[in-house]
Amino acid sequence: MKLRTTILITSLLVLAGCTSNGNWGWYVIDPSTKNGANNIRFLLNGFGATILLSVLAAVMSMVIGMIVALPGMSSNRWIRLPSRIYIEFVRAIPLLPMLFWVFYGLPVVLKSIGINISIDAFWGAIITLAISDSAFTAEIYRSGIQSINKGQTEAAKTVGLNYGQTMRYVILPQAIRRILPPLANQFIYIVKMSAFASVIGMQELTRRANELVVTEYRPLEIYTLLIIEYLVLVLIISFCVRWLERKMGSDESK
Amino acid sequence: MSGKTQAIEIKGLNKWYGDYQALKNIDLTVQHGERVVVCGPSGSGKSTLIRCVNSLEEKDSGTICVDGIAMVGIQSVDAIRSEVGMVFQQFNLFPHLTILQNLTLGPMKARGLSRAVAEERAMQYLERVQIPDQALKKPSELSGGQQQRVAIARSLCMEPKIMLFDEPTSALDPEMISEVLDVIVDLAEEGMTMIVVTHEMGFARKAADRMIFMDQGAFVEAGPPEQFFEAPKTERCKKFLSQILQH
(Lines give C-alpha, C1' and ligand atoms only; values in the text may rest on other atoms or scores of the structure.)
Protein backbone atom coordinates (compact mmCIF):
# COMPACT_ATOMS: atom_id res chain seq x y z
CA MET A 1 0.00 0.00 0.00
CA LYS A 2 2.87 2.35 0.89
CA LEU A 3 4.58 1.57 -2.40
CA ARG A 4 1.41 2.27 -4.34
CA THR A 5 0.92 5.64 -2.66
CA THR A 6 4.52 6.57 -3.40
CA ILE A 7 4.18 5.66 -7.07
CA LEU A 8 0.94 7.56 -7.32
CA ILE A 9 2.32 10.73 -5.77
CA THR A 10 5.56 10.55 -7.75
CA SER A 11 3.75 10.18 -11.03
CA LEU A 12 1.45 13.07 -10.16
CA LEU A 13 4.47 15.26 -9.44
CA VAL A 14 6.11 14.28 -12.71
CA LEU A 15 2.93 15.04 -14.63
CA ALA A 16 2.46 18.36 -12.84
CA GLY A 17 6.05 19.27 -13.57
CA CYS A 18 5.32 19.02 -17.28
CA THR A 19 3.24 22.17 -17.13
CA SER A 20 6.39 24.27 -17.50
CA ASN A 21 7.17 23.15 -21.05
CA GLY A 22 3.97 24.58 -22.39
CA ASN A 23 2.43 21.34 -23.74
CA TRP A 24 0.07 21.09 -20.83
CA GLY A 25 -2.92 23.21 -20.12
CA TRP A 26 -3.92 22.42 -16.59
CA TYR A 27 -6.08 25.55 -16.57
CA VAL A 28 -9.03 23.46 -17.85
CA ILE A 29 -9.18 21.70 -14.52
CA ASP A 30 -7.69 24.39 -12.30
CA PRO A 31 -10.04 24.62 -9.31
CA SER A 32 -8.93 28.19 -8.54
CA THR A 33 -10.56 29.50 -11.73
CA LYS A 34 -14.31 29.56 -12.20
CA ASN A 35 -14.20 27.63 -15.46
CA GLY A 36 -11.77 25.04 -14.09
CA ALA A 37 -13.85 24.48 -10.97
CA ASN A 38 -16.96 24.05 -13.12
CA ASN A 39 -15.17 21.54 -15.32
CA ILE A 40 -13.98 19.52 -12.34
CA ARG A 41 -17.47 19.50 -10.91
CA PHE A 42 -18.81 18.34 -14.26
CA LEU A 43 -16.30 15.47 -14.36
CA LEU A 44 -16.71 14.39 -10.74
CA ASN A 45 -20.48 14.29 -11.17
CA GLY A 46 -19.94 11.18 -13.27
CA PHE A 47 -18.86 9.25 -10.16
CA GLY A 48 -22.42 8.72 -9.01
CA ALA A 49 -23.49 7.17 -12.32
CA THR A 50 -20.39 4.99 -12.59
CA ILE A 51 -20.81 3.67 -9.05
CA LEU A 52 -24.55 3.14 -9.36
CA LEU A 53 -24.09 1.40 -12.69
CA SER A 54 -21.34 -0.86 -11.32
CA VAL A 55 -23.15 -1.75 -8.12
CA LEU A 56 -26.47 -2.55 -9.82
CA ALA A 57 -24.70 -4.56 -12.53
CA ALA A 58 -22.69 -6.44 -9.89
CA VAL A 59 -25.79 -7.30 -7.86
CA MET A 60 -27.65 -8.51 -10.96
CA SER A 61 -24.61 -10.45 -12.06
CA MET A 62 -24.44 -12.17 -8.65
CA VAL A 63 -28.08 -13.21 -8.88
CA ILE A 64 -27.90 -14.38 -12.50
CA GLY A 65 -24.60 -16.12 -11.75
CA MET A 66 -26.18 -18.16 -8.96
CA ILE A 67 -29.17 -19.10 -11.11
CA VAL A 68 -26.75 -20.30 -13.79
CA ALA A 69 -24.26 -21.95 -11.43
CA LEU A 70 -26.62 -24.18 -9.41
CA PRO A 71 -27.97 -26.30 -12.32
CA GLY A 72 -24.44 -26.26 -13.73
CA MET A 73 -23.37 -28.52 -10.86
CA SER A 74 -26.09 -31.10 -11.31
CA SER A 75 -25.06 -34.71 -11.83
CA ASN A 76 -27.62 -34.86 -14.62
CA ARG A 77 -26.01 -33.73 -17.86
CA TRP A 78 -29.27 -32.43 -19.35
CA ILE A 79 -29.74 -30.10 -16.40
CA ARG A 80 -26.10 -29.08 -16.65
CA LEU A 81 -26.19 -28.41 -20.38
CA PRO A 82 -28.11 -25.09 -20.58
CA SER A 83 -25.87 -23.64 -17.90
CA ARG A 84 -22.72 -24.70 -19.77
CA ILE A 85 -24.06 -23.27 -23.03
CA TYR A 86 -24.93 -19.97 -21.36
CA ILE A 87 -21.48 -19.64 -19.81
CA GLU A 88 -19.55 -20.55 -22.96
CA PHE A 89 -21.74 -18.32 -25.12
CA VAL A 90 -21.72 -15.23 -22.93
CA ARG A 91 -18.04 -15.53 -22.17
CA ALA A 92 -17.23 -15.54 -25.87
CA ILE A 93 -18.97 -12.23 -26.68
CA PRO A 94 -16.87 -9.07 -26.27
CA LEU A 95 -18.51 -6.46 -24.10
CA LEU A 96 -18.74 -3.69 -26.71
CA PRO A 97 -20.60 -5.67 -29.41
CA MET A 98 -22.92 -7.05 -26.75
CA LEU A 99 -23.60 -3.52 -25.53
CA PHE A 100 -24.53 -2.40 -29.07
CA TRP A 101 -26.70 -5.46 -29.54
CA VAL A 102 -28.60 -4.94 -26.29
CA PHE A 103 -29.01 -1.20 -26.81
CA TYR A 104 -29.89 -1.12 -30.51
CA GLY A 105 -30.99 -4.69 -31.21
CA LEU A 106 -32.82 -6.00 -28.16
CA PRO A 107 -35.72 -3.46 -28.33
CA VAL A 108 -36.33 -4.55 -31.93
CA VAL A 109 -36.36 -8.20 -30.92
CA LEU A 110 -38.70 -7.46 -28.01
CA LYS A 111 -40.98 -5.38 -30.24
CA SER A 112 -41.22 -8.21 -32.76
CA ILE A 113 -42.58 -10.49 -30.04
CA GLY A 114 -45.01 -7.84 -28.85
CA ILE A 115 -43.13 -6.36 -25.92
CA ASN A 116 -42.87 -2.65 -26.59
CA ILE A 117 -40.27 -1.22 -24.26
CA SER A 118 -37.38 1.03 -25.03
CA ILE A 119 -34.08 0.40 -23.31
CA ASP A 120 -32.33 3.57 -22.23
CA ALA A 121 -28.57 3.90 -21.94
CA PHE A 122 -28.61 3.32 -18.19
CA TRP A 123 -30.50 0.01 -18.26
CA GLY A 124 -28.87 -1.08 -21.50
CA ALA A 125 -25.48 -0.72 -19.84
CA ILE A 126 -26.56 -2.45 -16.63
CA ILE A 127 -28.12 -5.41 -18.44
CA THR A 128 -25.09 -5.84 -20.66
CA LEU A 129 -22.56 -5.58 -17.85
CA ALA A 130 -24.59 -7.93 -15.66
CA ILE A 131 -25.02 -10.60 -18.34
CA SER A 132 -21.46 -10.37 -19.52
CA ASP A 133 -20.14 -10.62 -15.96
CA SER A 134 -22.58 -13.32 -14.84
CA ALA A 135 -20.71 -16.01 -16.78
CA PHE A 136 -17.63 -15.30 -14.69
CA THR A 137 -19.61 -14.99 -11.47
CA ALA A 138 -21.20 -18.38 -12.17
CA GLU A 139 -17.78 -19.95 -12.56
CA ILE A 140 -16.62 -18.36 -9.31
CA TYR A 141 -19.65 -19.83 -7.51
CA ARG A 142 -19.08 -23.21 -9.10
CA SER A 143 -15.42 -23.44 -8.13
CA GLY A 144 -16.20 -22.22 -4.61
CA ILE A 145 -19.03 -24.67 -4.07
CA GLN A 146 -17.23 -27.59 -5.65
CA SER A 147 -14.21 -26.96 -3.45
CA ILE A 148 -16.31 -28.01 -0.46
CA ASN A 149 -15.72 -31.67 0.34
CA LYS A 150 -18.36 -34.05 -1.04
CA GLY A 151 -18.58 -35.62 2.42
CA GLN A 152 -20.35 -32.47 3.63
CA THR A 153 -23.23 -33.03 1.22
CA GLU A 154 -23.38 -36.71 2.13
CA ALA A 155 -23.42 -35.97 5.86
CA ALA A 156 -26.19 -33.40 5.28
CA LYS A 157 -28.22 -36.02 3.39
CA THR A 158 -27.85 -38.54 6.20
CA VAL A 159 -29.23 -36.06 8.74
CA GLY A 160 -32.25 -35.56 6.53
CA LEU A 161 -31.55 -32.21 4.89
CA ASN A 162 -32.92 -31.64 1.39
CA TYR A 163 -31.01 -29.94 -1.44
CA GLY A 164 -32.04 -26.39 -0.52
CA GLN A 165 -31.31 -26.87 3.18
CA THR A 166 -27.96 -28.49 2.43
CA MET A 167 -26.97 -25.50 0.27
CA ARG A 168 -28.22 -22.93 2.73
CA TYR A 169 -27.00 -24.34 6.03
CA VAL A 170 -24.00 -26.46 5.09
CA ILE A 171 -22.41 -25.70 1.71
CA LEU A 172 -22.86 -21.96 1.10
CA PRO A 173 -21.73 -20.80 4.57
CA GLN A 174 -18.47 -22.66 3.93
CA ALA A 175 -18.15 -21.75 0.27
CA ILE A 176 -18.78 -18.04 0.80
CA ARG A 177 -15.33 -17.58 2.32
CA ARG A 178 -13.78 -18.82 -0.88
CA ILE A 179 -16.28 -17.06 -3.14
CA LEU A 180 -16.26 -13.54 -1.72
CA PRO A 181 -12.66 -12.48 -2.45
CA PRO A 182 -12.74 -13.42 -6.18
CA LEU A 183 -16.24 -11.98 -6.41
CA ALA A 184 -15.04 -8.66 -5.01
CA ASN A 185 -12.17 -8.79 -7.49
CA GLN A 186 -14.71 -9.24 -10.25
CA PHE A 187 -16.39 -6.06 -9.03
CA ILE A 188 -13.24 -4.08 -9.88
CA TYR A 189 -13.51 -5.50 -13.37
CA ILE A 190 -17.12 -4.29 -13.65
CA VAL A 191 -16.14 -0.78 -12.52
CA LYS A 192 -13.55 -0.57 -15.28
CA MET A 193 -15.82 -2.10 -17.93
CA SER A 194 -18.53 0.42 -17.05
CA ALA A 195 -16.52 2.95 -19.08
CA PHE A 196 -17.96 1.28 -22.20
CA ALA A 197 -21.38 2.60 -21.24
CA SER A 198 -20.15 5.98 -22.48
CA VAL A 199 -20.48 4.87 -26.11
CA ILE A 200 -24.25 4.52 -25.82
CA GLY A 201 -24.53 7.88 -24.13
CA MET A 202 -24.60 6.98 -20.48
CA GLN A 203 -23.50 10.03 -18.48
CA GLU A 204 -20.78 8.41 -16.41
CA LEU A 205 -17.13 9.33 -15.81
CA THR A 206 -15.79 8.54 -19.28
CA ARG A 207 -18.72 10.08 -21.15
CA ARG A 208 -18.33 13.33 -19.24
CA ALA A 209 -14.61 13.40 -19.95
CA ASN A 210 -15.33 12.87 -23.66
CA GLU A 211 -17.88 15.66 -23.72
CA LEU A 212 -15.55 18.06 -21.96
CA VAL A 213 -12.74 17.21 -24.37
CA VAL A 214 -15.02 18.17 -27.25
CA THR A 215 -15.67 21.64 -25.81
CA GLU A 216 -12.25 22.35 -24.24
CA TYR A 217 -9.85 20.60 -26.67
CA ARG A 218 -7.57 19.52 -23.81
CA PRO A 219 -7.66 15.69 -24.03
CA LEU A 220 -4.34 15.14 -22.26
CA GLU A 221 -5.31 16.88 -19.03
CA ILE A 222 -8.91 15.70 -18.97
CA TYR A 223 -8.12 12.06 -19.68
CA THR A 224 -5.32 12.20 -17.12
CA LEU A 225 -7.84 13.31 -14.53
CA LEU A 226 -10.22 10.61 -15.78
CA ILE A 227 -7.60 7.91 -15.24
CA ILE A 228 -6.90 9.25 -11.76
CA GLU A 229 -10.63 9.13 -11.03
CA TYR A 230 -10.76 5.42 -11.91
CA LEU A 231 -7.52 4.81 -10.09
CA VAL A 232 -8.85 6.29 -6.86
CA LEU A 233 -12.12 4.39 -7.19
CA VAL A 234 -10.41 1.06 -7.85
CA LEU A 235 -7.80 1.63 -5.14
CA ILE A 236 -10.58 2.17 -2.60
CA ILE A 237 -12.36 -1.02 -3.71
CA SER A 238 -9.14 -2.98 -3.83
CA PHE A 239 -8.35 -1.84 -0.29
CA CYS A 240 -11.76 -3.19 0.78
CA VAL A 241 -11.09 -6.46 -1.05
CA ARG A 242 -7.79 -6.89 0.81
CA TRP A 243 -9.52 -6.24 4.09
CA LEU A 244 -12.19 -8.78 3.16
CA GLU A 245 -9.60 -11.37 2.17
CA ARG A 246 -7.77 -10.93 5.44
CA LYS A 247 -10.97 -11.24 7.40
CA MET A 248 -12.11 -14.33 5.49
CA GLY A 249 -8.67 -15.87 5.71
CA SER A 250 -8.50 -15.53 9.46
CA ASP A 251 -12.00 -16.96 9.77
CA GLU A 252 -11.01 -20.05 7.84
CA SER A 253 -8.32 -20.97 10.34
CA LYS A 254 -10.75 -20.82 13.25
CA MET B 1 -42.64 -51.83 13.48
CA SER B 2 -44.00 -55.32 12.96
CA GLY B 3 -41.85 -58.31 13.76
CA LYS B 4 -42.24 -59.63 10.26
CA THR B 5 -40.37 -57.01 8.29
CA GLN B 6 -36.64 -57.27 8.16
CA ALA B 7 -34.46 -54.29 8.98
CA ILE B 8 -32.71 -54.51 5.62
CA GLU B 9 -33.50 -56.74 2.68
CA ILE B 10 -31.26 -56.55 -0.37
CA LYS B 11 -31.81 -58.76 -3.40
CA GLY B 12 -29.74 -59.02 -6.55
CA LEU B 13 -27.95 -55.71 -6.01
CA ASN B 14 -25.60 -54.63 -8.80
CA LYS B 15 -23.52 -51.47 -8.97
CA TRP B 16 -21.28 -50.37 -11.81
CA TYR B 17 -18.75 -47.56 -12.07
CA GLY B 18 -18.40 -47.30 -15.84
CA ASP B 19 -17.03 -50.68 -16.90
CA TYR B 20 -16.08 -51.69 -13.38
CA GLN B 21 -18.57 -53.75 -11.45
CA ALA B 22 -18.32 -52.73 -7.81
CA LEU B 23 -21.12 -54.98 -6.52
CA LYS B 24 -22.06 -58.29 -8.07
CA ASN B 25 -25.53 -59.61 -7.43
CA ILE B 26 -25.53 -59.06 -3.67
CA ASP B 27 -28.22 -60.63 -1.46
CA LEU B 28 -28.31 -59.57 2.18
CA THR B 29 -30.93 -59.72 4.88
CA VAL B 30 -30.37 -58.04 8.22
CA GLN B 31 -32.84 -58.61 11.03
CA HIS B 32 -33.88 -56.04 13.57
CA GLY B 33 -31.29 -55.85 16.31
CA GLU B 34 -28.69 -57.71 14.31
CA ARG B 35 -25.08 -56.48 14.20
CA VAL B 36 -23.29 -57.24 10.97
CA VAL B 37 -19.61 -56.59 10.43
CA VAL B 38 -18.35 -56.40 6.86
CA CYS B 39 -14.65 -56.77 6.14
CA GLY B 40 -12.49 -57.36 3.11
CA PRO B 41 -9.62 -55.83 1.14
CA SER B 42 -9.90 -52.27 -0.12
CA GLY B 43 -11.87 -51.97 -3.33
CA SER B 44 -13.91 -55.04 -2.45
CA GLY B 45 -17.18 -53.08 -2.41
CA LYS B 46 -17.84 -52.92 1.36
CA SER B 47 -18.34 -49.17 1.47
CA THR B 48 -20.29 -49.15 -1.77
CA LEU B 49 -22.63 -51.75 -0.29
CA ILE B 50 -23.54 -49.77 2.80
CA ARG B 51 -23.69 -46.53 0.83
CA CYS B 52 -26.31 -48.18 -1.36
CA VAL B 53 -28.46 -48.87 1.71
CA ASN B 54 -29.13 -45.15 2.24
CA SER B 55 -28.78 -44.31 -1.45
CA LEU B 56 -25.59 -42.26 -1.20
CA GLU B 57 -24.71 -44.49 -4.14
CA GLU B 58 -27.48 -45.23 -6.60
CA LYS B 59 -28.02 -48.90 -7.32
CA ASP B 60 -28.00 -50.02 -10.94
CA SER B 61 -30.25 -53.01 -10.44
CA GLY B 62 -31.72 -55.13 -7.66
CA THR B 63 -34.08 -54.31 -4.83
CA ILE B 64 -33.37 -52.67 -1.50
CA CYS B 65 -35.97 -52.64 1.23
CA VAL B 66 -35.28 -50.90 4.54
CA ASP B 67 -37.64 -51.46 7.46
CA GLY B 68 -40.39 -52.38 5.05
CA ILE B 69 -39.84 -49.37 2.76
CA ALA B 70 -38.90 -50.34 -0.79
CA MET B 71 -36.37 -48.02 -2.38
CA VAL B 72 -38.35 -46.72 -5.36
CA GLY B 73 -38.30 -43.03 -6.18
CA ILE B 74 -37.17 -39.95 -4.30
CA GLN B 75 -39.78 -40.06 -1.54
CA SER B 76 -38.79 -43.56 -0.50
CA VAL B 77 -35.15 -42.45 -0.36
CA ASP B 78 -36.09 -39.64 2.04
CA ALA B 79 -38.13 -42.06 4.15
CA ILE B 80 -35.29 -44.59 4.24
CA ARG B 81 -32.70 -41.95 5.13
CA SER B 82 -34.79 -40.90 8.09
CA GLU B 83 -34.54 -44.47 9.44
CA VAL B 84 -30.84 -44.87 8.78
CA GLY B 85 -27.95 -43.08 10.45
CA MET B 86 -24.47 -43.07 9.02
CA VAL B 87 -20.98 -42.49 10.38
CA PHE B 88 -18.18 -41.77 7.94
CA GLN B 89 -14.49 -42.55 7.95
CA GLN B 90 -13.67 -38.82 7.66
CA PHE B 91 -16.28 -37.78 10.30
CA ASN B 92 -17.74 -35.14 7.94
CA LEU B 93 -18.74 -32.81 10.74
CA PHE B 94 -19.84 -29.35 9.61
CA PRO B 95 -16.71 -27.29 10.36
CA HIS B 96 -18.43 -23.88 10.43
CA LEU B 97 -20.90 -24.92 13.13
CA THR B 98 -20.37 -25.64 16.81
CA ILE B 99 -20.71 -29.20 18.09
CA LEU B 100 -24.16 -28.39 19.43
CA GLN B 101 -25.26 -26.85 16.10
CA ASN B 102 -23.92 -29.91 14.28
CA LEU B 103 -26.25 -32.03 16.38
CA THR B 104 -29.32 -29.81 16.19
CA LEU B 105 -29.23 -28.93 12.47
CA GLY B 106 -30.93 -32.11 11.24
CA PRO B 107 -33.55 -32.36 14.01
CA MET B 108 -34.47 -28.68 13.64
CA LYS B 109 -34.45 -28.27 9.86
CA ALA B 110 -35.44 -31.73 8.67
CA ARG B 111 -37.68 -32.79 11.58
CA GLY B 112 -38.97 -29.36 12.57
CA LEU B 113 -38.14 -29.71 16.27
CA SER B 114 -37.91 -26.52 18.30
CA ARG B 115 -34.45 -25.34 19.27
CA ALA B 116 -35.06 -26.14 22.94
CA VAL B 117 -36.12 -29.72 22.27
CA ALA B 118 -33.33 -30.28 19.74
CA GLU B 119 -30.70 -28.91 22.11
CA GLU B 120 -31.95 -31.00 24.99
CA ARG B 121 -31.78 -34.09 22.83
CA ALA B 122 -28.33 -33.11 21.56
CA MET B 123 -26.97 -32.71 25.09
CA GLN B 124 -28.43 -36.07 26.05
CA TYR B 125 -26.53 -37.80 23.22
CA LEU B 126 -23.37 -35.80 23.86
CA GLU B 127 -23.46 -37.13 27.39
CA ARG B 128 -23.79 -40.63 26.04
CA VAL B 129 -20.63 -40.21 24.00
CA GLN B 130 -19.10 -38.48 27.03
CA ILE B 131 -18.24 -35.06 25.62
CA PRO B 132 -21.03 -32.73 26.84
CA ASP B 133 -18.45 -30.14 27.91
CA GLN B 134 -17.32 -29.63 24.29
CA ALA B 135 -20.76 -28.58 23.06
CA LEU B 136 -19.86 -25.00 22.21
CA LYS B 137 -16.55 -25.70 20.49
CA LYS B 138 -15.93 -25.99 16.76
CA PRO B 139 -15.08 -29.46 15.38
CA SER B 140 -11.48 -28.46 14.57
CA GLU B 141 -10.84 -27.85 18.28
CA LEU B 142 -11.57 -31.52 19.06
CA SER B 143 -9.37 -34.61 18.71
CA GLY B 144 -10.17 -37.13 15.98
CA GLY B 145 -11.70 -39.54 18.46
CA GLN B 146 -13.89 -36.83 19.92
CA GLN B 147 -14.95 -35.71 16.44
CA GLN B 148 -15.98 -39.22 15.52
CA ARG B 149 -17.97 -39.54 18.75
CA VAL B 150 -19.70 -36.27 17.88
CA ALA B 151 -20.48 -37.71 14.44
CA ILE B 152 -22.07 -40.73 16.09
CA ALA B 153 -24.08 -38.49 18.41
CA ARG B 154 -25.16 -36.39 15.41
CA SER B 155 -26.57 -39.51 13.75
CA LEU B 156 -28.26 -40.63 16.94
CA CYS B 157 -30.01 -37.27 17.28
CA MET B 158 -32.09 -38.27 14.26
CA GLU B 159 -33.15 -41.34 16.28
CA PRO B 160 -32.48 -43.86 13.51
CA LYS B 161 -33.46 -47.52 13.70
CA ILE B 162 -30.41 -48.63 11.78
CA MET B 163 -26.83 -47.37 11.94
CA LEU B 164 -24.25 -47.71 9.19
CA PHE B 165 -20.57 -47.30 10.05
CA ASP B 166 -18.16 -46.83 7.16
CA GLU B 167 -14.69 -47.60 8.54
CA PRO B 168 -15.34 -45.41 11.58
CA THR B 169 -11.86 -45.82 13.06
CA SER B 170 -9.67 -45.92 9.94
CA ALA B 171 -8.80 -42.21 10.05
CA LEU B 172 -7.99 -42.20 13.77
CA ASP B 173 -4.74 -42.29 15.67
CA PRO B 174 -4.34 -45.69 17.38
CA GLU B 175 -4.89 -44.39 20.91
CA MET B 176 -8.26 -42.95 19.92
CA ILE B 177 -9.70 -46.05 18.31
CA SER B 178 -10.94 -47.67 21.49
CA GLU B 179 -12.90 -44.62 22.72
CA VAL B 180 -14.90 -44.71 19.48
CA LEU B 181 -15.31 -48.48 19.44
CA ASP B 182 -16.54 -48.40 23.05
CA VAL B 183 -19.37 -46.11 22.00
CA ILE B 184 -20.28 -48.42 19.11
CA VAL B 185 -20.17 -51.49 21.37
CA ASP B 186 -22.50 -49.71 23.81
CA LEU B 187 -24.91 -49.05 20.98
CA ALA B 188 -24.70 -52.66 19.88
CA GLU B 189 -25.47 -53.86 23.40
CA GLU B 190 -28.56 -51.69 23.48
CA GLY B 191 -29.86 -53.58 20.49
CA MET B 192 -29.27 -51.07 17.70
CA THR B 193 -29.36 -52.68 14.26
CA MET B 194 -26.06 -51.95 12.57
CA ILE B 195 -23.78 -52.69 9.69
CA VAL B 196 -20.17 -51.88 10.43
CA VAL B 197 -17.45 -51.86 7.81
CA THR B 198 -14.22 -52.25 9.75
CA HIS B 199 -10.93 -54.05 10.04
CA GLU B 200 -11.03 -53.97 13.83
CA MET B 201 -11.31 -57.69 14.38
CA GLY B 202 -11.27 -57.44 18.18
CA PHE B 203 -14.37 -55.29 17.94
CA ALA B 204 -15.95 -57.71 15.46
CA ARG B 205 -15.48 -60.65 17.84
CA LYS B 206 -17.00 -58.73 20.69
CA ALA B 207 -19.94 -57.08 18.96
CA ALA B 208 -20.85 -58.88 15.76
CA ASP B 209 -23.67 -61.37 15.32
CA ARG B 210 -22.51 -62.09 11.82
CA MET B 211 -19.32 -61.56 9.84
CA ILE B 212 -19.27 -61.00 6.10
CA PHE B 213 -16.09 -61.18 4.08
CA MET B 214 -16.22 -59.44 0.70
CA ASP B 215 -13.85 -59.55 -2.22
CA GLN B 216 -14.20 -58.13 -5.73
CA GLY B 217 -17.76 -56.99 -5.20
CA ALA B 218 -19.18 -60.25 -3.91
CA PHE B 219 -19.68 -62.08 -0.61
CA VAL B 220 -16.97 -64.70 -0.24
CA GLU B 221 -17.86 -65.95 3.19
CA ALA B 222 -20.37 -65.18 5.91
CA GLY B 223 -21.09 -66.60 9.31
CA PRO B 224 -21.06 -66.07 13.07
CA PRO B 225 -17.78 -64.61 14.31
CA GLU B 226 -16.58 -67.71 16.20
CA GLN B 227 -16.79 -69.85 13.10
CA PHE B 228 -15.49 -67.05 10.89
CA PHE B 229 -12.33 -66.47 12.91
CA GLU B 230 -11.62 -70.02 14.08
CA ALA B 231 -12.49 -71.95 10.94
CA PRO B 232 -12.66 -69.81 7.80
CA LYS B 233 -13.77 -71.96 4.90
CA THR B 234 -12.24 -70.24 1.92
CA GLU B 235 -8.56 -69.75 1.14
CA ARG B 236 -9.12 -66.10 0.24
CA CYS B 237 -10.61 -65.41 3.64
CA LYS B 238 -7.91 -67.35 5.49
CA LYS B 239 -5.23 -65.34 3.74
CA PHE B 240 -6.95 -62.05 4.50
CA LEU B 241 -7.40 -62.93 8.17
CA SER B 242 -3.81 -64.03 8.55
CA GLN B 243 -2.67 -60.75 7.04
CA ILE B 244 -4.69 -58.47 9.25
CA LEU B 245 -4.39 -60.54 12.44
CA GLN B 246 -0.60 -60.60 12.28
CA HIS B 247 -0.37 -57.20 13.87
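In what follows, chains are A, B, ... by sequence order, proteins preceding strands, each numbered from 1.
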- With the side chain counted from C-beta on, respond yes when B/Leu164 and A/Thr158 share a heavy-atom pair under 4.5 Å apart, and no when they do not. no

- Item | Pairwise side-chain contact, A/Gln152 with B/Pro95, heavy-atom cut-off 4.5 Å (strictly under) | yes

- Message: Is B/Asn54 close to chain A through its backbone or its side chain, or both, or neither, when contacts mean heavy atoms under 4.5 Å?
- Response: side chain

- Task: Measure distances from B/Arg111 to the heavy atoms of chain A and classify the residue's part below 4.5 Å as side chain, backbone, both or neither.
- Result: neither

Can you tell me how far apart [atom1] ([X]) and [atom2] ([Y]) are? Round to the nearest 0.5 Å.
{"X": "B/Arg81", "Y": "A/Leu161", "atom1": "CZ", "atom2": "CG", "answer": "10.5 Å"}
{"X": "B/Gln101", "Y": "A/Tyr169", "atom1": "CD", "atom2": "OH", "answer": "12.0 Å"}
{"X": "A/Thr166", "Y": "B/Leu105", "atom1": "OG1", "atom2": "CG", "answer": "8.5 Å"}

- Note on the structure: With chain A, the option among B/His96, B/Met158, B/Arg51 that has the most non-hydrogen atom pairs under 4.5 Å is B/His96

- Least distance between heavy atoms, A/Ala155 atom then B/Phe94 atom: CB-CE2, 4.0 Å

- Task: Search all heavy atoms of B/Ala110 against all heavy atoms of A/Gly160 and return the closest pair with its distance.
- Result: CB-O, 3.2 Å

- Near B/Ile74 CD1, under 6.0 Å, is it more than 12 heavy atoms from other residues, nucleotides or ligands? no

- Query: Counting only heavy atoms not in A/Tyr230, do more than 12 fall under 6.0 Å of its OH?
  - Reply: yes

- Quick one: what part of A/Gln165 sits under 4.5 Å from any heavy atom of chain B, side chain, backbone, both or neither? side chain

- Contact list (residues 83-92 of chain B to chain A, heavy-atom gap under 4.5 Å, by number) returns B/Val84, B/Met86, B/Phe88, B/Asn92

- Task: For chain A, find its close neighbours in residues 179-195 of chain B: heavy-atom separation under 4.5 Å, sorted by number, or none.
- Result: none

